[in-house]
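Encoded as structure tokens, the structure appears first; notes follow it.
Any value given below was found using the heavy atoms of this structure, including those in side chains, with hydrogens, waters and symmetry copies removed. Small disclaimer: the values here were computed from a predicted structure and weren't measured.
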Amino acid sequence: MTPQFAPGAMAGLRVIDLTRVLGGPYCTQILADHGADVIKVEPPAGDEVRDWGPPFHDEDAAYFVGINRNKRSIGLDLASDGGRVVLLKMLETADVLIENFKPGTLEKWGIGSDALREKFPKLVHCRICGFGADGPRGGNPGYDAIIQAMTGMIAATGSPESGPMRIGVPLVDITTGLYAAIGILMALSERQRSGIGQFLEVTLYETGLAIMHPHTANYFMHGKPPSLTGNEHPNLVPYAIFPTKTDDIFIGVGNDGTFRKLAREIGRPDLGTDPRFARNRDRVANREALRAELAAVFSQFEAEPLCDRLLAAGLPAGPVQKIDQALTHPHTLYRGDVIEKDWYKGVASPIRLERTKASLRTTPPAFSQHAQEVLAEFGYTPDEIEALLAEGTVCAERKR
């Protein structure tokens, strides 16, 4: 018998999504995966990441496809009076508005946070921006790599040989989306008690600073900026990549007992009692000597069997895999981490609720694919919809 599950945890929540690029759409996909009705309102030119390819599915880049499933799209010219009238109509039944306009843009259009609060007191209004509305850099645009540079992230990443390096995934944008989702849920929870919504701001800059752990904590403690340690950890040893007979592996040890257990499992119990390596602080002080000892041992093993054995023993170890290996690994497949519908394939929501499960209901939308459907839901007649399309206030669907 097929198990029956309750609708997603966010079912019944209506989100008007005015965001583009990455942080905002990543946030709203989290909500959409769990049942929220997310209406993606795009400018007449569309979300620019539709063009960030190749690769493409028809006219939409993989970059867009990866963060916009389970949403409906309507193209709307918010710079026009008519476009803002349509938006306000949509907000009458919305729980959440999320946008990433430059601070001051909505105010210029007469629909800033104060105006929205007066008109829609229960609305949760989330803004994602680069640096916030005030301060010396208030209103400046923000980009993932620039924030990585400005918050110390790039300066702490890389090796002495490579020099400072950008982290290879848009970590700031993605984490900003996560913080935005958390903030929205907090505001919705508080609304249950107070009966009113609120405005919240999530910035790339503050996100960048917030995720610089343990470097900020270390700096506050000893006043020294981090040095470039490559794949090594500034506070833990061993915590690094080691070569084997076949592939590289990553070993991470978090305490002294785990290190002694690792030493026994690899046939070198003497390393666990060696005074140079007995405590983590000793291993940090003698990092290079321990690396040489471990490298000599690991070079005798094959990567996959060794990691399987260490993991089975409760020790943190893993082969360094490429993305194709990760996505086709038996554990990935067993857990259902890759989801498919029609032409679409993606990575499932990692939030695994027992009853109210995430689901893949619709593929990422074509530009303004749902314009007429959405307008009809908000009470527009067929003639009114045709007029909005004819005057360019609402954009027609771009056929795939």
Side-chain angles (χ1 to χ4, degrees), residues 3 5 33 157 159 167-169 171 174-175 178 211 213-214 229-340 345-355 357-358:
F5 301 111
D33 280 351
T157 304
S159 66
I167 296 172
V169 294
L171 184 63
I174 288 173
T175 311
L178 290 169
I211 62 177
H213 185 80
T229 57
N231 292 307
E232 305 261 351
H233 196 289
N235 296 71
L236 296 174
V237 175
Y239 200 98
I241 288 178
F242 293 89
T244 71
K245 280 183 178 181
T246 51
D247 298 303
D248 290 342
I249 62 172
F250 202 103
I251 299 292
V253 170
N255 59 63
D256 299 335
T258 298
F259 177 69
R260 289 191 290 273
K261 186 175 182 180
L262 173 67
R264 292 193 300 271
E265 284 291 332
I266 62 174
R268 287 294 307 276
D270 57 299
L271 294 177
T273 57
D274 189 317
R276 296 175 299 167
F277 313 135
R279 297 177 300 172
N280 183 66
R281 64 183 63 186
D282 303 321
R283 296 192 293 277
V284 171
N286 295 286
R287 183 188 298 265
E288 293 306 320
L290 180 57
R291 165 172 274 284
E293 294 278 8
L294 292 176
V297 175
F298 292 138
S299 66
Q300 303 171 34
F301 293 92
E302 294 185 353
E304 194 80 27
L306 173 62
C307 289
D308 287 345
R309 181 161 62 82
L310 294 178
L311 285 168
L315 292 165
V320 179
Q321 300 183 141
K322 295 180 180 179
I323 189 67
D324 56 330
Q325 295 172 297
L327 291 174
T328 57
H329 192 277
H331 188 75
T332 303
L333 301 179
Y334 179 87
R335 295 280 296 175
D337 293 327
V338 175
I339 53 177
E340 299 182 58
K345 183 181 288 189
V347 175
S349 171
I351 304 169
R352 302 298 177 92
L353 297 170
E354 181 184 13
R355 290 184 296 102
K357 296 184 180 296

For the pair [X] (side chain) and [Y] (backbone), establish whether a donor and an acceptor sit closer than 3.5 Å, ignoring hydrogens and angles.
X	Y	value
Ser349	Ala358	no
Gln325	Lys322	yes
Asn280	Asn235	yes
Asn286	Arg283	no
Thr244	Glu302	no
Lys261	Ala313	yes
Thr258	Gly254	no

Please round to the nearest 0.5 Å and tell me the distance separating atom [atom1] of [X] and atom [atom2] of [Y].
X	Y	atom1	atom2	value
Ile251	Leu294	CD1	CG	8.0 Å
Ile211	Thr175	CD1	OG1	4.0 Å
Thr157	Ile167	OG1	CD1	4.0 Å
Tyr239	Glu232	OH	CD	11.5 Å
Ile351	Lys357	CD1	NZ	13.0 Å
Arg281	Leu236	CZ	CG	13.0 Å

- Message: Per the side-chain hydrogen bond (donor to acceptor under 3.5 Å, both in side chains) rule, what does the pair list look like for residues 265-274, sequence neighbours excluded?
- Response: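 Checked against side-chain hydrogen bond (donor to acceptor under 3.5 Å, both in side chains) - neighbours excluded - the pairs reaching residues 265-274 are Glu265-Arg309, Arg268-Asp270, Arg268-Glu293, Asp274-Arg276.
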- Message: Once salt bridge (Lys or Arg N to Asp or Glu O under 4.0 Å) is applied, do any residues pair with Arg260, and if so which ones, sequence neighbours excluded?
- Response: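 Not a single residue meets the salt bridge (Lys or Arg N to Asp or Glu O under 4.0 Å) criterion with Arg260.
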- Message: I'd like to check the salt bridge (Lys or Arg N to Asp or Glu O under 4.0 Å) partners of Asp337; sequence neighbours left out, ordered by chain and number.
- Response: Arg352
Between [X] and [Y], what is the shortest heavy-atom contact and its length?
X	Y	answer
Ala263	Leu271	CB-CB, 4.2 Å
His233	Pro214	CE1-CG, 4.2 Å
Cys307	Pro319	SG-N, 3.5 Å
Gly267	Pro269	C-CD, 3.4 Å
Ala326	Gln321	CA-NE2, 3.8 Å
Phe259	Pro238	CD1-CD, 3.8 Å

Could you check whether any side-chain heavy atom of [X] comes within less than 4.5 Å of a side-chain heavy atom of [Y], counting everything from C-beta outward?
X	Y	value
Thr332	Val338	yes
Asp247	Val320	no
Leu311	Leu315	no

- Task: Could you walk me through whether Leu327 and Val347 pass the side chain to side chain contact (heavy atoms under 4.5 Å, CB included) test, one step at a time?
- Result: CA-CA 9 Å; Leu327 291 174; Val347 175; 4.2 Å; yes
- Query: Given the rule in the side chain to side chain contact (heavy atoms under 4.5 Å, CB included) test, do Ile241 and Ile249 qualify, once you have shown the distances and angles that lead to the verdict?
  - Reply: CA-CA 6 Å; Ile241 288 178; Ile249 62 172; over 6 Å; no
- Distance flag, aromatic centroids of Phe242 and Phe250, threshold under 6.0 Å: no
